[in-house]
Amino acid sequence: MRRKLAAGNWKMNGLKGQLAELDKLAAAHPSPEVDVLLCPPATLLAAAALQSPFSIGAQDCHANDAGAHTGDISAQMIKDAGGKAVIVGHSERREDHDEHSDIVRAKARAAQAAGLTAIVCMGESLLEREAQNTLDIIGGQLAGSIPDNATAENLVVAYEPIWAIGTGLVPSLAQIGEVHAFIRARLERRFGAGVGLGVRILYGGSVKPDNARDIFAVPNVDGALVGGASLKAADFSPIISALEAS
Ligand code: 13P
């Protein structure tokens, strides 16, 4: 009932030439059985949306519609450029830009108001995991970062343990399953079964062609938010295929 989603986050990578990877990906997946979303840097957003058959999203937005916020882009601008979604609350933004959950929630609300799907990220640090605080941290980020008007269409949750991002380290399948089940239960409790069971929950953090299949078999994992392995069609394509087969 939940359509699977393979999402790629290019982060601060990619000049114009990088768009060729979208063509290669489209050639390999002319009619994918899962949703495919690519989030290039803002400079490539409009060109990617024109060129690609896949959905295109952004990596961040401002909480306001417009105004004196040099360097920021609004959710409406992303929509205007052809975007369908925006990542908010990525740990790199929470850390680099000191973004707390109240800002993330305001950004998610702005995204939803503009007609975009907000992909709200959350995850614990290694210290927090080692102190066995993971579920407390996730519970707090969930409660704080997700707006009240969430629906199965305008919200995707991404669980990305900070220590697994770009490190090659991946939680055990049991650890992934525990956090995803916890997020699912919290969503159901807050929004009811309709929305709670409909929202997709992605896993992110060192997803690669060789571990995707196992991760996608974990209950409540509805897809992945992929960083490094989304940059090359040769790496992202087998991840899409693994999700189709799951
Ligand atoms: P990696 O797949 O490179 O670990 O990055 C994950 C991520 O942060 C996606 O948003």
In short, Q51 meets A20 closest at the heavy-atom pair NE2-N, 4.5 Å
Between F236 and the options V36, V207, L231, the side chain to side chain contact (heavy atoms under 4.5 Å, CB included) test singles out V36
In this structure, CG of L45 is separated from CG of D80 (nearest 0.5 Å) by 10.0 Å
Flag the pair R94 and E99 as a salt bridge only when some basic side-chain nitrogen lies within less than 4.0 angstrom of an acidic carboxylate oxygen.
no
Item to check | Modelled atom types, side-chain donor and acceptor of Q59 and H90, under 3.5 Å | outcome: no
Report task. Go through the side-chain N and O atoms of K4 and S246 and say whether any donor and acceptor fall under 3.5 Å apart. Result -> yes
dist S101:OG -> L142:CG (nearest 0.5 Å) comes out at 9.0 Å
Are the charged groups of R3 and D35 less than 4.0 angstrom apart, N to O? yes
Query - Donor on one side chain, acceptor on other, Q141 and Y159, under 3.5 Å - result: no
Heavy-atom nearest pair, S125 first then W163, reads C-CD1, 3.7 Å
Q) Do D60 and K107 sit within salt-bridge range, that is, some charged N less than 4.0 Å from a carboxylate O? A) yes
Checking L25, N9, V226, L44 against L38 for side chain to side chain contact (heavy atoms under 4.5 Å, CB included), the one that qualifies is L25
